[in-house]
Amino acid sequence: MGHTATEQTAAGGLTATEHRLANGLRVVLSEDHLTPVAAVCLWYDVGSRHEVKGRTGLAHLFEHLMFQGSASVPGNGHFELVQGAGGSLNGTTSFERTNYFETMPAHQLELALWLEADRMGSLLAALDDESMENQRDVVKNERRQRYDNVPYGTAFEKLTALAYPDGHPYHHTPIGSMADLDAASLEDARTFFRTYYAPNNAVLSVVGDIDPEQTLAWIEKYFGTIPAHDGKQPPRDGSLPDTIGEQLRHEIVEEVPARALMAAYRLPHDGTRECDAADVALTILGGGESSRLHNRLVRRDQSAVAAGFGMLRLAGAPSLGWLDVKTSTGVDVPDIEAAVDEELARFAAEGPTGEEMERAQAQLEREWLDRLGTVAGRADELCRYAVLFGDPQLALTAVQRLLEVTAEEVQAVAAARLRPDNRAVLVYEPLAADAGGDDAGTADADTADAADADAGTAAAAAADAAVETDENEGAQQ
């Protein structure tokens with residue numbers, strides 16, 4: 001076997017073993033015999049932060065191309081084989097990585113491993129002009145459906161461009177621009193694959209009802225002969241000052257159902273204790289119907305139909321705190337903004353209560369348990385910590401670090417970061433503000449239900465949706 005291994009560690013009954021093949025592929029295995037299923041997750045260390053100006057969206061476009069056939073599996077065969085075996089699959093692209101994943105009946109694990117290895121080793125043999133044009137059109141249509149032609153659809157893209165200056169690797173989101181998608185050539189895609197889709201630029205995790213020895217033998221058999229590639233350049237430096245230093249503001253008049261205030265605050269990098277403290281702070285302030293902003297704006301003042309504050313954790317650049325408030329009928333955005341600033345200032349001055357700390361940490365612990373409680377979620381978390389922080393074992397202890405955060409640390413990060421001079425702001429005004437007067441901000445019951453569908457965590461959901469793009473349409477022809 002051409003691999004090295006490290007001993008397993010355990011946390012809360014969960015274990016993982018690490019291995020490395022001779023070609024550089026990192027492998028993480030975690031046994032879980034509770035149900036007869038196995039999850040395969042493959043993270044490539046490439047995302048939109050690796051793209052250059054004029055070629056945005058290439059990482060996401062290439063993710064689609066990975067579902068268009070390889071040397072041994074033409075066309076939609078990857079989807080057909082996995083789904084025909086009773087499994088599910090998908091892929092996503094973010095600022096910092098691209099991932100592919102299958103959840104299979106345990107006895108079909110070998111099939112999933114072979115399929116992923118075939119794509120990694122032989123995709124170029126099947127990549128041609130027809131598949132390139134096919135998926136270019138699919139991605140452009142995705143952009144229209146999810147961003148350009150839906151209310152508030154480009155908000156995250158606009159806030160990202162404000163929060164990260166021009167030229168910064170996180171200035172653009174993974175979806176890319178229409179012009180750059182049109183400009184991408186077949187040779188661009190081939191070069192991208194040769195550079196980033198190599199075993200020494202990937203982490204493979206397998207979690208579930210597995211025999212580790214047999215699983216490693218299959219991985220060695222199918223991945224072990226794929227050559228490494230050393231042409232990858234490191235991503236551009238994403239560091240920035242702790243705060244923006246001013247309030248950046250942009251007003252948009254569009255056909256939206258209600259006035260809205262959205263803001264992005266610059267927060268500490270993921271993987272730091274300060275980032276964990278910021279996560280607790282945002283959970284207290286805007287993480288659900290028990291949060292301060294929901295209680296103030298939606299319940300007490302009834303000036304908003306939804307108010308959420310979520311966090312987009314980033315390892316290679318400052319994280320973002322994402323504020324999202326949709327106004328009630330006739331309410332002006334300046335009134336909402338004044339109330340938000342009042343709540344943030346009070347929180348920074350007084351800090352959280354003991355009850356708020358307990359509730360927020362319990363909420364974050366539950367979310368961690370939800371992720372690690374499924375084989376697919378655990379496989380993804382193991383890959384995440386391996387790719388972004390170099391140690392998959394950190395996934396098994398992440399909740400302990402959150403629970404160790406103190407109220408003083410939460411107050412300190414709020415005072416330092418949740419300030420008007422550290423945010424990019426979008427203000428939405430509906431087109432209906434012509435003859436409607438006070439009706440300009442109308443939001444009926446359906447609008448309120450949609451805006452608050454995630455029980456006050458719409459902000460976090462919006463950030464995730466903008467960064468991670470679901471790829472079931474990758475099977476389209």
Side-chain angles (χ1 to χ4, degrees), residues 24 26 43-63 92-99 139 143 156-185 187-198 200-203 228-246 248 264-272 274-275 311-322 383-390 417 422-424 463-464 466-469:
R26 297 182 67 186
W43 272 45
Y44 290 93
D45 187 11
V46 58
S48 59
R49 67 171 174 166
H50 295 85
E51 297 166 350
V52 296
K53 192 171 184 177
R55 288 296 180 268
T56 65
L58 192 56
H60 176 227
L61 173 61
F62 201 88
E63 177 211 319
T92 69
T93 308
S94 80
F95 288 109
E96 300 182 322
R97 59 97 184 103
T98 307
N99 69 344
V139 172
R143 179 178 173 94
F156 186 74
E157 187 175 44
K158 288 181 169 66
L159 277 177
T160 299
L162 281 175
Y164 301 110
D166 190 21
H168 189 274
Y170 293 69
H171 179 70
H172 68 278
T173 56
I175 192 65
S177 72
M178 284 292 195
D180 288 355
L181 289 170
D182 284 332
S185 68
E187 188 53 39
D188 288 333
R190 287 173 171 163
T191 300
F192 192 89
F193 179 84
R194 295 188 191 102
T195 302
Y196 296 109
Y197 279 73
N200 54 317
N201 194 47
V203 172
H229 188 280
D230 296 323
K232 175 187 173 183
Q233 296 296 313
R236 289 168 292 140
D237 182 18
S239 61
L240 289 169
D242 286 349
T243 58
I244 298 172
E246 60 178 319
L248 305 174
Y265 292 78
R266 190 177 291 176
L267 298 176
H269 289 241
D270 194 11
T272 64
E274 292 80 8
C275 185
M311 186 172 188
L312 174 62
R313 286 176 174 259
L314 295 170
S319 302
L320 287 183
W322 171 274
C383 279
R384 172 176 172 250
Y385 279 92
V387 169
L388 299 181
F389 306 107
R417 302 298 188 106
N422 184 39
R423 69 185 177 201
D464 287 342
V467 176
E468 298 188 0
T469 50

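Please read all numbers here as calculations on a predicted model, not as lab measurements. No hydrogens, no waters, no symmetry mates; every other heavy atom, side chains included, goes into these values.
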Can you list the steps and then say if His60 with Arg143 is a side chain to side chain contact (heavy atoms under 4.5 Å, CB included)? CA-CA 11 Å; His60 176 227; Arg143 179 178 173 94; over 6 Å; no
Using side-chain heavy atoms (C-beta onward) and a distance below 4.5 Å, is Leu159 in contact with Trp322? yes
Treating Glu157 as the side-chain partner and Thr173 as the backbone partner, does any N or O pair qualify as donor plus acceptor under 3.5 Å? no
Sequence-distant partners of Asp45, side chain to side chain contact (heavy atoms under 4.5 Å, CB included), two or more places apart: Arg49, His50, Asn201, Lys232, Val387
What salt bridge (charged side-chain N to carboxylate O under 4.0 Å, His left out) pairs are there with at least one residue in residues 158-171, not counting sequence neighbours? none
Might you point out which heavy atoms bring Gly238 and Pro318 nearest each other, and give the distance in Å? O-CD, 3.5 Å
Between Arg97 and Thr93, what is the shortest heavy-atom contact and its length? NH1-C, 3.6 Å
With Arg266, which residues qualify under salt bridge (Lys or Arg N to Asp or Glu O under 4.0 Å), at least two apart? none
Separation between CZ of Phe156 and CG of Leu320, rounded to the nearest 0.5 Å: 6.0 Å
With distance as the sole test, does Thr98 use its side chain to make a donor-acceptor pair with the main-chain N or O of Gly47 at under 3.5 Å? no
Taken in chain and number order and not counting sequence neighbours, the residues that satisfy salt bridge (Lys or Arg N to Asp or Glu O under 4.0 Å) with Arg423 are Glu337, Asp341
With sequence neighbours left out, what residues match Thr56 under side chain to side chain donor-acceptor pair (under 3.5 Å)? Asp180
Residues at least two apart in sequence or cross-chain that pass side chain to side chain donor-acceptor pair (under 3.5 Å) with His229, listed by chain then number, are none
Heavy-atom nearest pair, Thr243 first then Asn422, reads CA-OD1, 3.1 Å
Calculate, to the nearest 0.5 Å, the distance between atoms OG1 and CZ belonging to Thr160 and Phe95 respectively. 4.5 Å
Applying side chain to side chain contact (heavy atoms under 4.5 Å, CB included), name anything that partners Glu187, two or more places apart in sequence or on another chain. Ser185, Arg190, Thr191, Arg194
Set of residues satisfying salt bridge (Lys or Arg N to Asp or Glu O under 4.0 Å) with respect to Arg384, sequence neighbours excluded: Asp270, Glu381
Between CG on residue Asn99 and OG on residue Ser94, distance to nearest 0.5 Å: 7.5 Å
What's the shortest heavy-atom distance between His269 and Ala315, and which atoms? ND1-O, 3.2 Å
Pro235 vs Glu96 side-chain heavy atoms within contact, under 4.5 Å: no
At their closest point, which heavy atom of Ala424 faces which heavy atom of Leu162, and how far apart are they? CB-CB, 3.6 Å
Who pairs with Asp230 by side chain to side chain contact (heavy atoms under 4.5 Å, CB included), at least two apart in sequence or on another chain? Asn200
Return the orientation label for the Phe193 and Tyr197 ring planes: parallel under 30°, perpendicular over 60°, tilted otherwise. parallel
Is Ser177 close to His172 at the side-chain level, that is, under 4.5 Å between some pair of heavy atoms? no
Once ring pair (Phe, Tyr, Trp, His ring centres under 6.0 Å) is applied, do any residues pair with His168, and if so which ones, sequence neighbours excluded? Tyr164, Tyr170
For Arg236, what residues pass the salt bridge (Lys or Arg N to Asp or Glu O under 4.0 Å) criterion, not counting sequence neighbours? none
Residues at least two apart in sequence or cross-chain that pass ring pair (Phe, Tyr, Trp, His ring centres under 6.0 Å) with Tyr265, listed by chain then number, are Phe309
Would Tyr44 and Val203 count as a side chain to side chain contact (heavy atoms under 4.5 Å, CB included) here? Give the steps. CA-CA 7 Å; Tyr44 290 93; Val203 172; over 6 Å; no
What I'd like to find out is whether the side chain of Phe62 reaches to under 4.5 Å of the side chain of Val46, using heavy atoms alone. no
Apply side chain to side chain contact (heavy atoms under 4.5 Å, CB included) to the pair Leu61 and Phe192, showing each step before the final yes or no. CA-CA 11 Å; Leu61 173 61; Phe192 192 89; over 6 Å; no
Might you point out which heavy atoms bring Leu314 and Ser319 nearest each other, and give the distance in Å? N-OG, 3.1 Å
